[in-house]
2 protein chains.
Amino acid sequence: MPSRLTISSFSILGLLAIQPWTAYELTKQAERSLRFAWPKSERLLYSEPKKLVEHGLATAHREVSGQRSRRVYTITDDGRTALTAWMATSPQPPVLEAEALLRLLFAENGSTDDLIAALDTMADDAAELYDQVMTINTSYLDGHHPFPQRTHLSVLFATFQLELFDLIVKWVEFAKTEISTWSTTEGLGLTDGTEAILNSIKERRSVLDPPNKNP
Amino acid sequence: MPSRLTISSFSILGLLAIQPWTAYELTKQAERSLRFAWPKSERLLYSEPKKLVEHGLATAHREVSGQRSRRVYTITDDGRTALTAWMATSPQPPVLEAEALLRLLFAENGSTDDLIAALDTMADDAAELYDQVMTINTSYLDGHHPFPQRTHLSVLFATFQLELFDLIVKWVEFAKTEISTWSTTEGLGLTDGTEAILNSIKERRSVLDPPNKNP
DNA sequence: TGACTTTACTGCAATTCGCAGTAAGGTGAC
DNA sequence: GTCACCTTACTGCGAATTGCAGTAAAGTCA
């Protein structure tokens, strides 16, 4: 009666399908890829492979070097079968967690400066993440991919992250110009700016597209 | 020794700052707003207000109607103070959870059809979420906001969601045209398309911008 | 008046997280 | 050559969160 397989289990199984790893190596690898699609705690990355072994989807063997031993996990045939079966199932809807947006939702409880600071932090974080993805990916052009045969997947995956982080940076810029027209955070209601946004929303136009240019 | 306050606690406190609610009402309200920035289980929305009471940030009073009673939670002055203090702190980085992107990362373990199906599901989910946000927000134009004085916040908040869901839909379109050039999911490595993407990434150009038009 | 939905919760087991702790091996500086 | 610090390689535990099932009254519609 091992505990049941979760999406996190399959995300580890997916890594094991590439090559055998130790749990420690899995945490490092997760930081380069998994974290952008399925962010999980380091702790879980140590317990999930054990669960996979219990289910017979992976095996663990100890490698010894000096006084120290490491447990290397390898995917089994059953593991590959289970992974392939999972690939054919329907994925859960995407979910975003953004504390800075909570601050916007409750902005009336703080100053406009508080709000702008929160949004700036989100933009800085996004810019930093953008750079991280860029660093990893531009090196692929020089043939520096640890798994060259996977470049088509890594790069297409990265495009989403870059678009997302770019969107965040650009949206914060837009939001700040809008907020700059506010005298306070509280009780403004339907301002001219808000009405303009609502009209552009109604026509399904992006609020970012025309960056304050006249037609 | 009540358990400590989390971001989730403050997200509930933020709702209580608008007006008193029952836990049940909080779950309904969370579905309209909180869920897009701080998605939490319904269960938690029942326990968090209790924690706020333990901390003295809210009070609970029973209202009786017939045989049934409901517990209405009201923010205290301490609660408002704590909320305002929280608004001035730095938010955590944004985080995205997208199982469909995991499928892309591990696509070599399934067929191109599996991959396209997963991406289509994500696009459909995003389109559905887009519609939900649209429905809530276009009604504001007719003056149908439950808290008219908060329209400026709700609408600016909504613009982010719309941009995000639109990005997902558009990126999936792009990803699918790229994938359509693949004969298999496995071992392709640096294809022509991948190289083109990498070059465009290098120049920080969006892969979505010019939708296959010549300059 | 019977069936079904909405309102209004609680209990509990399973899952996940954050943090602290342990310990060996490697690296560079003085 | 030894001290400090970083990396590798984990485990334990309490706290936070989830998912699911269960309870029950009130409202709705036919």
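Naming: A, B, ... by sequence-line order, numbering from 1 per chain. Just the heavy atoms: all of them, side chains too, but no hydrogens, waters or symmetry mates, feed the values below.
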task = Ignoring backbone atoms, establish whether B:Ser3 has a side-chain N or O less than 4.0 Å from OP1 or OP2 of D:dA15.
result = no
request  = In plain terms, say whether B:Lys176 and B:Asp120 are close enough for a salt bridge, that is, a side-chain N and a carboxylate O under 4.0 Å apart.
outcome  = yes
ask   = Would you call B:Glu99-B:Arg103 a salt bridge at under 4.0 Å N-O?
value = yes
remark   = In whole angstroms, the gap separating P of C:dT7 from CD of B:Glu31 amounts to 11 Å
inquiry  = Distance check needed: D:dG19 C1' versus A:Ile7 CD1, whole Å only.
reply    = 14 Å
query = Side chains of A:Trp171 and B:Thr159: do they bring a donor and an acceptor to under 3.5 Å?
reply = yes
ask   = Looking just at side-chain N and O atoms, do B:Arg35 and B:Gln132 make a donor-acceptor pair shorter than 3.5 Å?
value = yes
ask   = Rounded to whole angstroms, how far apart are NZ on A:Lys40 and C1' on C:dT15?
value = 10 Å
task = Under 4.0 Å between any heavy atoms, over every strand shown, what does A:Glu63 touch: base, sugar-phosphate, or nothing? Just pick one.
result = nothing
inquiry  = Without decimals, in angstroms, what is the distance between A:Arg4 CZ and C:dT15 P?
reply    = 7 Å
ask   = Would you say the side-chain atoms of B:Trp38 and B:Ser8 include a donor-acceptor pair closer than 3.5 Å?
value = yes
Short N/O separations, protein against nucleotides 8-13 of chain C, under 3.5 angstrom:
| residue | atom | partner | partner atom | Å |
| --- | --- | --- | --- | --- |
| C:dA8 | OP1 | B:Arg70 | NH1 | 2.7 |
| C:dA8 | OP2 | B:Arg70 | NH1 | 3.3 |
| C:dC9 | OP1 | B:Arg71 | N | 3.2 |
| C:dC9 | OP2 | B:Arg71 | N | 3.4 |
| C:dC9 | O3' | B:Arg71 | NH2 | 3.4 |
| C:dT10 | OP1 | B:Lys50 | NZ | 3.4 |
| C:dT10 | OP1 | B:Arg71 | NH2 | 2.5 |
| C:dT10 | OP2 | B:Lys50 | NZ | 2.8 |
| C:dG11 | N7 | B:Arg43 | NH2 | 2.8 |
| C:dG11 | O6 | B:Arg43 | NE | 2.4 |

note = Taking D:dG19, C:dC17, C:dT15 as options, the one with an atom nearest any side-chain atom of A:Thr6 is C:dT15
query = Are A:Ser41 and C:dT16 close enough that a side-chain N or O sits under 4.0 Å from OP1 or OP2?
reply = no
message = What's the angle between the local helix axes at either end of the helix from C:dT1-D:dA30 to C:dC30-D:dG1, using five pairs per end and rounding to 10 degrees?
response = 30°
query = A:Lys28 has an atom NZ; how far is it from atom P of D:dT8, in whole Å?
reply = 6 Å
message = How long is the straight-line distance from CD of A:Glu163 back to CD1 of B:Ile201, given to the nearest 0.5 Å?
response = 9.0 Å
task = Measure up the A:His145 and A:Tyr140 rings against each other and bin them: parallel (under 30°), tilted (30 to 60°), perpendicular (over 60°).
result = tilted
key: Nearest atoms (heavy-atom pairs only) where B:Ala100 meets A:Pro91   = N-CB, 3.7 Å
message = Could you check whether A:Lys40 pairs with A:Glu48 (Lys NZ or Arg NE/NH1/NH2 to Asp/Glu carboxylate O, under 4.0 Å)?
response = no
Protein-nucleic acid N or O pairs under 3.5 Å, nucleotides 4-6 of chain D:
none

ask   = Nearest-Å distance, CZ (A:Arg35) to P (C:dC17)?
value = 15 Å
ask   = At their closest point, which heavy atom of B:Gly14 faces which heavy atom of B:Leu83, and how far apart are they?
value = CA-CD2, 3.9 Å
note = Taken to the nearest whole Å, CD/A:Gln92 to P/D:dT18 is 13 Å
task = Specify the separation, in whole Å, of atom CD of B:Glu48 and atom C1' of D:dA16.
result = 9 Å
query = To the nearest 0.5 Å, how far apart are CG in A:Leu44 and CG in A:Leu26?
reply = 11.0 Å
Residue pair B:Ala58 / B:Leu16: nearest heavy atoms and the distance that separates them = CB-CD1, 3.9 Å
